[in-house]
Amino acid sequence: METTEDSGNKSLDFIRQIIADDLQTGKHQKSITRFPPEPNGFLHIGHAKSICLNFGVAEENGGICNLRFDDTNPSKEDVAYVRAIQEDVKWLGFSWGDQVLYASDYFPKLYEYAVELIKRGKAYVCQLSPDEMREYRGTLTEPGKESPYRNRSIEENLDLFEQMKAGQLAEGTHVLRAKIDMASPNVNMRDPVIYRILKAHHHRTGDTWKIYPMYDYTHCLSDMLEGITHSLCTLEFQDHRPLYDWVLDTLETPCHPRQIEFARLNLTYTVMSKRKLLKMVEGKYVDGWDDPRMLTISGLRRRGYTPASIRNFCKTIGIGKSESRIDMGVLENEIRDDLNVRAERRMCVLDPVKVVIDNYPEGLVEEMIGQNHPQNPEMGERTIPFTRELYIEREDFMENPSRKYHRLGPDREVRLRYGYLVRYVSHVKDEATGEITEIHCSYDPDTKGGSAPDGRKVKGTIHWVSAEKGLPVTVRLYDRLFSVEDPEADKDIDFLDQLNPQSKVVVSCAIAEPSLAKLQPGETVQFERQGYFCADPVESTAGNPVFNRTVTLRDSWESKK
RNA sequence: UGGGGGAUGGUCUAAUGGUAAGGCAGCGGACUCUGACUCCGCUUAUCAAGGUUCGAGCCCUUGUCCCCCAGCCA
């Protein structure tokens, strides 16, 4: 077996080096890896890291990466998850070998290996209760005690194991244990359970099996059976590596995959464990696994994140062995980068205030021309109807603007993007509320399209939508799901108490340029000055699209204020 | 107080005995029909103390702090 010790923390290079060495020495012809999710929940951004790593290194070395479901605990698993996981991996842009693999496909072989273990005197059936077993296991500082059932004869073990398999014994009464060392300083080696009785319906094998193998026993053998060369997993399995190796060594298997560990992903302002995500879904704290606020792959997809942005994110954070918490801003930067080049621009007013162009003819509709992308003429252009009454963003007008404010205000001239230069005339205010209800402007007919023939410049360009031709839309603005950087930092506070009440804001009076009516669900556009918005692929009302905000634009005005 | 890991700016990653580099964040500036994008500039780091060496983030010694492990979960 491999005895090489890890050194240093540069896991990716470490992994690459090991693989390169193994290939060069002829130990392996190509590298075969696997991505082994348990189908007990949806995949999240943390899995994406593992997916990119496993599929990535296989690709780099002309090998393949298997998709294998680690479905050894039927009580937690479901076919719905199996389906969703496959979709998510595909969507991320990866493909596995000829077929999807399942640990449950190996149940017969795994059983044979267990019998072999018993025959070699390396496993025994134990009747200690769970409580007793915990007692016998010892503690972190004290060695365990040997089970009174440890030295049964091979024949008796074989017979009992057969009875377990046949369903003749009750759940919790008997388990099969590896006979290793109850005094091992590594508690994982203190005669770990390798099979338990579970009379649950399995989503693939039905009621065939009454006993199910444990992870530690299953994983190494599954890897071996598939000819996996490098088995990449997260840090918490480091203590399990001796057991992984013990099973393969004891069984003298024809090949022996090498387990290498790396740190799992943590992000600020979110939680990552499936257990917690499940709690949020079941407790209806979110609308489902694909709620756009969730950092699940399907949530991110619905939110408008692209596969490329997630792959780039995984590349940029790297692989290491030290626990870290990546700033959410890194992920957000990746999606901005990607969407900036591919999303078409549109105008949409989220918080409208009416503007009347006093000197613009009533009833006239002019079709203005807007570039779909300011840096890429190949993306074409669209027309935008301009009318006497328009809406602009409420925050684009200020009664008493500071010198640094470049938008509309008393005595100011600004450009309506792709429209006209307009000058402030007056504004109307609701006496009772103090709210501005209407702004009157005059336009310069010589500035159609937005540029002045006399070459005069204006500092501000604002976006607008025709009041009469505009398309009402629903937009959902998302803030971070949690209000604190590390929702799990304080162990006395439940992470659910850290949920951010502002995490979802629905804007129903938004109005957008009419060209948005043609947008397909799932497509993303940039609402100029507002951010990137994805037409919700799940929810959409005919003629009144629902948009999820993917991410905001950076706004230096915000920081200058 | 057992075992296994880890520690480089605010954050993440690189530098394998030879000028501590890059991304994100931050700050300043240029440009701009998006206060976006783009471009330019700047601030900030080797856990500590010893040792080896011409030279140490890297090697050695001793500490400190952090994470994981006592499921019939994975």
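Numbered from 1 within each chain, the chains take letters A, B, ... in sequence-line order.
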Would you say NZ of A/Lys199 has more than 12 non-hydrogen atoms from neighbouring residues, nucleotides or ligands within 6.0 angstrom?
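For A/Lys199, atom NZ is crowded (more than 12 foreign heavy atoms under 6.0 Å).
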Which nucleotide in the list [options] gets nearest to the side chain of [X]?
X: A/Val193; options: B/A25, B/C72, B/U34; answer: B/C72
X: A/Arg529; options: B/G23, B/A74, B/G35; answer: B/G35
X: A/Arg345; options: B/G35, B/A36, B/C68; answer: B/A36
X: A/Arg137; options: B/G35, B/G2, B/C72; answer: B/C72
X: A/Asp70; options: B/A74, B/C72, B/G23; answer: B/A74
X: A/Lys76; options: B/C73, B/G6, B/A74; answer: B/C73
X: A/Pro130; options: B/C72, B/G5, B/A74; answer: B/C72
X: A/Thr141; options: B/A25, B/U1, B/C12; answer: B/U1

Can A/His406 be said to stack with the base of B/G35, given centres closer than 5.5 angstrom and planes under 30 degrees apart?
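Here the ring of A/His406 and the base of B/G35 are stacked, with centres under 5.5 Å and planes under 30°.
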Does the distance from a Lys or Arg side-chain N to an Asp or Glu carboxylate O, for A/Arg346 and A/Glu344, drop under 4.0 Å?
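Here A/Arg346 pairs with A/Glu344 in a salt bridge, since their nearest N and O are under 4.0 Å apart.
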Any salt bridge linking A/Arg311 with A/Glu334? Criterion: basic side-chain nitrogen under 4.0 Å from a carboxylate oxygen.
no
A/His219 and A/Asp70 side chains, donor-acceptor separation under 3.5 Å:
yes
Is a donor from one side chain sitting under 3.5 angstrom from an acceptor on the other, for A/Arg34 and A/Ser231?
yes
If you take the centroid of each ring, where Trp contributes its six-membered ring, are [Y] and [X] closer together than 6.0 Å?
X: A/Tyr149; Y: A/Tyr124; value: no
X: A/Tyr269; Y: A/Phe482; value: no
X: A/Tyr195; Y: A/Phe161; value: yes

[X] [atom1] to [N] [atom2], straight-line distance once rounded to whole Å:
X: A/Asp181; N: B/G2; atom1: CG; atom2: C1'; value: 13 Å
X: A/Ile326; N: B/C24; atom1: CD1; atom2: P; value: 14 Å
X: A/Lys315; N: B/G22; atom1: NZ; atom2: C1'; value: 15 Å
X: A/Glu323; N: B/A7; atom1: CD; atom2: P; value: 9 Å
X: A/Lys321; N: B/U8; atom1: NZ; atom2: C1'; value: 18 Å
X: A/Asn188; N: B/C72; atom1: CG; atom2: C1'; value: 15 Å
X: A/Phe533; N: B/A36; atom1: CZ; atom2: C1'; value: 14 Å
X: A/Met133; N: B/G71; atom1: CE; atom2: C1'; value: 10 Å

For a quick test of reading the model: is some side-chain N or O of [X] closer than 4.0 Å to OP1 or OP2 of [N]?
X: A/Ser322; N: B/G5; value: no
X: A/Arg190; N: B/A70; value: no
X: A/Ser556; N: B/A36; value: yes

Expressed as a whole number of Å, how far does the P atom of B/C58 sit from that of B/A74?
42 Å
Between B/C54 and B/G63, how far apart are the P atoms? Round to whole Å, please.
28 Å
Base of B/G3 paired with side chain of A/Asp239 (donor-acceptor, under 3.5 Å)
yes
Does the base of B/G4 carry an N or O that pairs as donor and acceptor with the side chain of A/Arg241 under 3.5 Å?
no
Give me syn or anti for B/G71, where syn covers glycosidic angles within 90 degrees of 0.
syn
Could you check A/Tyr212 against A/Phe107 for ring pair (Phe, Tyr, Trp, His ring centres under 6.0 Å), going step by step and ending with a plain yes or no?
CA-CA 8 Å; A/Tyr212 290 91; A/Phe107 283 172; 5.7 Å; yes
Given protein heavy atoms under 4.0 Å, the one-letter contact record of nucleotides 37-44 of chain B, with B base, S sugar-phosphate only and - none, is simply B-------
What is the nucleic acid contact for A/Leu421, judged by heavy atoms within less than 4.0 Å: base, sugar-phosphate only, or nothing?
nothing
Side-chain contact test, heavy atoms from C-beta onward, threshold under 4.5 Å: evaluate it for A/Trp464 versus A/Asp396 and give yes or no.
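Counting from C-beta outward, A/Trp464 and A/Asp396 never come under 4.5 Å.
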Atom pair CD1 (A/Ile45) and SG (A/Cys314), whose distance is rounded to the nearest 0.5 Å
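Nearest 0.5 Å value for the CD1-SG distance: 5.5 Å.
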In RNA chain B, consecutive runs of at least three Watson-Crick or G-U pairs below 3.5 Å, as range with range, amount to B:2-7 with B:64-69, B:10-13 with B:21-24, B:26-30 with B:38-42, B:47-51 with B:59-63
